[in-house]
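In what follows, a structure is listed as structure tokens, so that the remarks can point back to it.
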Amino acid sequence: MTDEHSTPPDADLPEQLRVRRAKRAELLEQGIDPYPVEAGRTHTLREVRDSHPDLPPDTATGDRVAVAGRVMFQRNTGKLCFATLREGDGTELQAMLSLADVGEETLASWKAVVDLGDIVLVEGEVITSRRGELSVSATSWRMLAKAVRPLPVAHRELSEETRVRQRYVDLIVRPRAREMVRARSTVLRTLRRVFEERDYIEVETPMLQVLHGGATARPFVTSSNALSQDLYLRIAPELFLKRAVVGGIERVFELNRVFRNEGIDSTHSPEFAMLEAYQAYATYDDMAELVRDLILESARAVFGSTVVTHADGTEHDLGKPWRSVTLHASVAEAVGQEVTIDTPAETLRRIAADHDIELKDSWAAGEIVLELFEKLVEHTLVEPTFVRDYPVEVRPLTRQHRDDPRLAEAWDLIIFGTELATAYSELVDPVEQRERLYRQSLLAAAGDPEAMQLDEDFLRAMEYGMPPTGGMGMGLDRLLMTLTGLGIRETILFPLVRAE
RNA sequence: GCGCCGUUAGCUCAAUUGGCAGAGCAGCUGGCUCUUAACCAGCGGGUUCGGGGUUCGAGUCCCUGACGGCGCACCA
């Protein structure tokens, strides 16, 4: 190890770090381990609180406990010290050290070495203070983990960057950060529960893939030394889940990470959690019912109700009936004139021009209608809305509509103006599927980085016969954003950040 | 990828026209046996993101790089 990489001498450290290291050293000199292996805790703060509700002020219970927690506030008078301890779930409890009970030496040592942020054990009697605060009145205390770096100011917001880069600090000082971790876990559990109740099987499919497919997006590329070839981090689990359906796993879902090498902003992360589910002998209508159940059950699990608060502060009851509208009808409503699958491209171009929407020359009617929807309609759909029946040219992997072959049996669920989930009646005709994938592979060969490669093995699977199947996809991070009204970096515990 | 804005004490932020770099919390010293963002008195703490330039003098102006935020593009 060179000097450059060794521990910097204390003299180079900021004052507060030096001071805390000195206190650690002081404990060691006294023969006290500042990081003992055995904590000796007998009760959690929560347990003490729960077992002593509503005590009147100035009560001595006679109950002896040893509690542990991080020191969040300190209020020291000459012969009486108060500290607020906090444990992982945010529960706080006051510790009191009185000269009369602990003696001069112990009190002095407490004042000398305990800083905000330290994790300590306090052993004593459960009492209430004269002001009525439930407390542990110490007979002894012990350092469990000396913090050598000071906590940030507890009563001011951390900067956005520090919150994301040092999430461990964010979790210590900001209750909402802790709540989000628990909300995410609750939603994960709830989604799995709903699937289990519907006899779905959870599977894990490859994240490292030899071929790039399943959606249109730019992949991350890596390489295998053993295979001497490039591998792709998956952009979607779709093609493997469909193989599973072919094999007879008729109700299957996967809830795990996908990776897309695209923009990073308040609604996009390069890695995000994707839920996809496929159900044999079901259609996109069945998947709509499933998705509604997944979202409502998640809301109930997190909030105890279906009412959620959007980023702008408005409350919305997701439990009310959800609207369903065709893509063309939604556009027609927005532009105030008839728009259907029969509307010619020239007419649609005129409508776009009237609304100052730029179009590519190569676009056909279907692509123009979708552009009109995205520019004029999508952001206006605040309440949950299924937008359904897209032109086939914009949904190349979806089965043709049973009533009109120019349409695809697909819907997007829009909430708060953004897409939350999508579903199809899946294309299961292997001949048709081969043609469409072949056209995609031509685009890929021509240099379109988002286009899929031709996956012969996937096509071979379909040739064995895939039952009529409904499929859905939903971003977990998006769901949490919808439920909590927060940005995507708040819903991900440790979002990707550039190295400092 | 392009444009705009930002980076100052451990944390959150000030600093007029280019003229001695400041506050609150945190820290240190002393005081205080019922505080709870405790209080009172005193003290210390800075490579003003890095590099270069203009100037008698740069936190401030110019060039350049790093990192971040917002907008656009792409996307779920």
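Every chain is numbered from 1 and lettered A, B, ... according to where its sequence line falls, protein lines coming before strand lines.
When distances are taken from the side chain of A/Lys23 to each of B/rG24, B/rC67, B/rG27, the shortest belongs to B/rG27. Checking B/rU12, B/rC74, B/rC28 against the side-chain heavy atoms of A/Ser159 singles out B/rU12 as nearest. You'll find that the side chain of A/Arg489 is closest to B/rG69, out of B/rG69, B/rC67, B/rC11. Considering only side-chain atoms of A/Glu15, the nucleotide from B/rG27, B/rC34, B/rU33 that sits closest is B/rG27. In the set B/rC34, B/rA38, B/rC70, the nucleotide with an atom closest to the side chain of A/Phe73 is B/rA38. Listed candidates were B/rC67, B/rA37, B/rU33. Nearest to the side chain of A/Glu161 is B/rC67. Distance from the side chain of A/Leu158 is smallest to B/rU12 among B/rU12, B/rG44, B/rC28. Listed nucleotides: B/rC34, B/rG27, B/rC32. Nearest to the side chain of A/Arg130: B/rC34. Of the candidate nucleotides B/rC34, B/rA76, B/rC11, B/rC34 has the atom lying nearest to any side-chain atom of A/Leu80. The side chain of A/Leu116 approaches B/rG27 more closely than any other nucleotide in the set B/rA76, B/rG27, B/rG44.
One atom, NZ of A/Lys111, and another, P of B/rG27, lie 14 Å apart when rounded to the nearest Å. If you take CG of A/Leu370 and P of B/rA76, they are 10 Å apart, rounded to a whole angstrom. Atom-to-atom, CZ of A/Arg165 to C1' of B/rG10 comes out at 18 Å; the value is rounded to the nearest Å. Between A/Glu238 atom CD and B/rA76 atom C1' the separation is 14 Å, expressed in whole Å. In this entry the distance linking CG of A/Leu413 with P of B/rA76 reads 15 Å, nearest Å. Between the CG atom of A/Asn261 and the C1' atom of B/rA76 there is a distance of 15 Å, given to the nearest Å. One interatomic measurement links the two molecules: CG of A/Asp265 to P of B/rC2, which rounds to 17 Å at whole-angstrom precision. Atom CZ of A/Arg20 and atom P of B/rG27 are 7 Å apart (whole Å).
Pairing for B/rG24 is with B/rC11, a Watson-Crick or G-U wobble pair whose two hydrogen-bonding atom distances lie under 3.5 Å. Under the Watson-Crick or G-U wobble criterion, with both distances below 3.5 Å, B/rC2 is paired with B/rG71. B/rU54: no Watson-Crick or G-U partner with both key distances under 3.5 Å is found in any strand. Pairing for B/rC32 is absent, with no Watson-Crick or G-U wobble pair whose two atom distances lie under 3.5 Å. The partner of B/rG44, taking Watson-Crick or G-U wobble pairs whose two distances both stay under 3.5 Å, does not exist in any strand shown.
The environment of A/Arg176 atom CZ is sparse: at most 12 non-hydrogen atoms of other residues, nucleotides or ligands sit within 6.0 angstrom. More than 12 non-hydrogen atoms from other residues, nucleotides or ligands lie less than 6.0 angstrom from CD of A/Gln30.
Atom name C1', nucleotides B/rA66 and B/rU47: the rounded distance is 16 Å, in whole Å. B/rA15 and B/rC56: their C1' atoms are spaced 23 Å apart (whole Å). Taking atom P on both B/rC49 and B/rU16, the two are 15 Å apart, rounded to the nearest angstrom. Only the P atoms considered, B/rA21 is 37 Å distant from B/rA37, to the nearest whole Å. Using atom P as the reference point in both B/rG52 and B/rC40, the two lie 46 Å apart (nearest Å). The C1' atoms of B/rU60 and B/rG6 are separated by 14 Å, rounded to the nearest whole Å. Nucleotides B/rG31 and B/rG46, compared at atom P, are 27 Å apart to the nearest Å. The same atom, P, is picked in B/rC5 and in B/rU12; the two are 23 Å apart, to the nearest Å.
Contact of A/Glu157 with B/rU12 (side chain to base): no donor-acceptor pair of N or O atoms is detected under 3.5 Å. The base of B/rG10 lies close enough to the side chain of A/Gln16 for a donor and an acceptor atom to sit less than 3.5 Å apart.
Of the listed residues (A/Leu427, A/Val245, A/Leu241), just one forms a side-chain contact (heavy atoms from CB on, under 4.5 Å) with A/Thr469, and that residue is A/Val245.
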Show your working on side chain to side chain contact (heavy atoms under 4.5 Å, CB included) between A/Trp110 and A/Val120 and close with a plain yes or no. CA-CA 10 Å; A/Trp110 169 273; A/Val120 298; 4.2 Å; yes
For A/Arg46 and A/Thr91: C-alpha separation, side-chain torsions, deciding distance, then whether side chain to side chain donor-acceptor pair (under 3.5 Å) applies. CA-CA 6 Å; A/Arg46 177 87 264 156; A/Thr91 303; 3.2 Å; yes
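Of the side-chain N and O atoms in A/Arg498, one or more sit less than 4.0 angstrom from OP1 or OP2 of B/rG68. Under 4.0 angstrom from either OP1 or OP2 of B/rA26 there lies no side-chain N or O belonging to A/Arg156. A close approach under 4.0 Å does not occur between any side-chain nitrogen or oxygen of A/Arg149 and OP1 or OP2 of B/rG10.
Looking at heavy-atom distances under 4.0 Å, A/Gln94 makes contact with a base. Residue contacts for A/Asn76: at a heavy-atom cut-off of 4.0 Å it reaches a base atom on one of the strands shown. Heavy atoms of A/Ala100 sit under 4.0 angstrom from at least one base atom. A/Thr162 comes within contact range of the sugar-phosphate backbone alone, with a heavy-atom separation under 4.0 Å but no base atom that close. Residue contacts shown for A/Ser98 include a base, since a base heavy atom lies under 4.0 Å away. A/Met474 comes within contact range of no nucleotide atom at all, as no heavy-atom separation falls under 4.0 Å. If you check every strand for non-hydrogen atoms under 4.0 Å, A/Gly475 touches nothing.
Heavy-atom nearest nucleotides on RNA chain B were determined for A/Ile127 and for A/Glu262, and the one closer to the 5' end corresponds to A/Ile127.
Side-chain atoms of A/Thr491 and A/Arg478 include no donor-acceptor pair closer than 3.5 Å. A donor-acceptor pair shorter than 3.5 Å can be found between the side chains of A/Glu123 and A/Ser140.
A perpendicular orientation is assigned to the rings of A/Tyr200 and A/Phe253, their planes being inclined by more than 60° (bins at 30° and 60°). Under the 30°/60° scheme for interplanar angles, the aromatic rings of A/His155 and A/Phe73 are found to lie parallel.
Under the stacking definition used here (centres under 5.5 Å, planes under 30°), the residue A/Phe82 fails to qualify as stacked on the base of B/rA38.
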